[in-house]
Amino acid sequence: MNSAKQSVPSGKGERRAPPRRTGEDPIWASLRSEAEAAMAAEPALTGFIYATVASHENLEDAICHRIAQRLGHADVDAGLIVNTFQDVLASQPELGRAFRADLAAVIERDPATTRYLDPFLYFKGFHALVTHRFAHELWRQGRRDFALYMQSQSSRMFSVDIHPAARIGKGLMLDHATGIVIGETATVGDNCSFLHAVTLGGSGKQTGDRHPKIGSCVLIGAGAKVLGNIHVGNSSRIAAGSVVLSDVPPHVTVAGVPARIVGPAGAEPGRTMDQTFESDPGIGPDDYAML
């Protein structure tokens, strides 16, 4: 955004521009370089890539533009969304660290890409995650209607439904992302990876604290459902299609309906993305320290 747009009033006094990052920013530098190469290779997309990446001064500005562009609607236009996101960044500049960790997670874990440009421009899992981070801050600031509007738009555009009150750590990857649902009182640690159609849901219509608590470096396979106010330990792995209804110890693999422990999980499965395991029918919950 240019400086003129950054000084537009927002209805709460003069709007603050997000703080500029100082020093070297290798992810932003790589993204800019990848954008230049893409414009040279695909002239038909030059205008789109220039407006989305190359015309901006930093990653935060570019993210505000890209996500607002995707969420903009006749009800709430993209310009207002950009202004709102920049207000959020001005009050919570640490969001920039989460954006960079999430981009780095895709490069580290997704064999389908080697460029930051791909998730930044095209991957709805990254877009949905960024949208949630903005919505969560709006929720915390008491702007709950705007937060819920962002949740609704994210569900409509990306098929990802994350309640804005859910607390999510840094360095996540939502791989393919379609059908992911995360409930209001869920928490997720750092460096987790979820595949499509994962649900962190409740187990009934009770109110209060009713959703799962996921540790760090957890891998949850496609279609898995984790239900209720239960704990999933650090560096555990939930196999695709499983239904988890009780606590999962750290460092184990669970599989099945209902899920049971079938073996160890290896080191940091949320980062290695290793979904293979050798089932051992002799292993049960008593072989591991429960949470």
Side-chain angles (χ1 to χ4, degrees), residues 105 109-110 124-125 128-129 131-132 135-136 151-152 154-156 158-169 172-266 268-277 279 283-285 288 290-291:
R109 302 171 207 169
D110 189 345
K124 66 182 183 179
L129 192 52
T131 301
H132 169 72
H136 181 69
Q151 177 192 3
S152 174
S154 180
S155 180
R156 182 180 72 88
F158 311 133
S159 296
V160 174
D161 195 347
I162 307 175
H163 194 283
R167 293 176 291 157
I168 293 180
L172 263 68
M173 184 176 75
L174 307 182
D175 194 13
H176 295 286
T178 300
I180 288 177
V181 176
I182 299 178
E184 177 185 12
T185 61
T187 65
V188 179
D190 295 338
N191 298 313
C192 292
S193 294
F194 298 171
L195 281 82
H196 59 278
V198 163
T199 297
L200 305 184
S203 59
K205 66 175 186 177
Q206 70 272 26
T207 58
D209 194 357
R210 61 195 184 279
H211 295 106
K213 311 298 181 279
I214 309 298
S216 297
C217 295
V218 173
L219 173 62
I220 305 183
K225 314 302 177 189
V226 187
L227 305 177
N229 185 13
I230 62 176
H231 291 77
V232 175
N234 295 340
S235 293
S236 59
R237 175 171 50 195
I238 298 172
S242 299
V243 177
V244 183
L245 301 174
S246 57
D247 288 353
V248 176
H251 308 291
V252 302
T253 296
V254 299
V257 182
R260 65 180 184 87
I261 297 173
V262 295
E268 297 189 330
R271 303 186 74 164
T272 65
M273 300 296 293
D274 183 3
Q275 299 185 66
T276 62
F277 63 92
S279 180
I283 291 178
Y288 294 89
M290 297 300 288
L291 292 178

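Values reported hereafter were calculated over all heavy atoms of this structure, with side chains retained and with hydrogens, waters and symmetry mates removed. This is a predicted model, so every value here is computed, not measured.
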Practice item. State, without any angle test, whether T187 and R167 hold a side-chain donor-acceptor pair at a distance under 3.5 Å. Key: no

Review point. Regarding N191 and E268, is there a side-chain donor-to-acceptor distance under 3.5 Å anywhere?
Key: no

**Study point:** Contact summary for K225 and A197, nearest pair of heavy atoms
**Key:** NZ-O, 2.7 Å

Point to revise | Closest approach of P164 to Q151 (non-hydrogen atoms, all atoms of both residues) | key: CD-OE1, 3.2 Å

**Study point:** Approximate separation, where rounding is to 0.5 Å, of S246 OG and H231 NE2
**Key:** 13.0 Å

Practice item. Would you indicate whether the side-chain heavy atoms of L227 and V244 approach each other to under 4.5 Å? Key: no

Review point. Between the side chains of D274 and T276, does any donor sit under 3.5 Å from an acceptor?
Key: yes

Review point. How long is the span from the OG atom in S159 to the NE2 atom in H196, to the nearest 0.5 Å?
Key: 12.0 Å

Practice item. Measure the NZ-CG distance between K213 and N229 for me, rounded to the nearest 0.5 Å. Key: 4.0 Å

Practice item. Kindly compute the distance separating CG (L174) from CG (L129), expressed to the nearest 0.5 Å. Key: 5.0 Å

Point to revise | P264 backbone acceptor or donor facing T253 side chain under 3.5 Å | key: yes

Donor-acceptor pairs under 3.5 angstrom involving side-chain atoms of residues 216-224: please list them, not counting sequence neighbours.
residue	atom	partner	partner atom	Å
S216	OG	D190	N	3.3

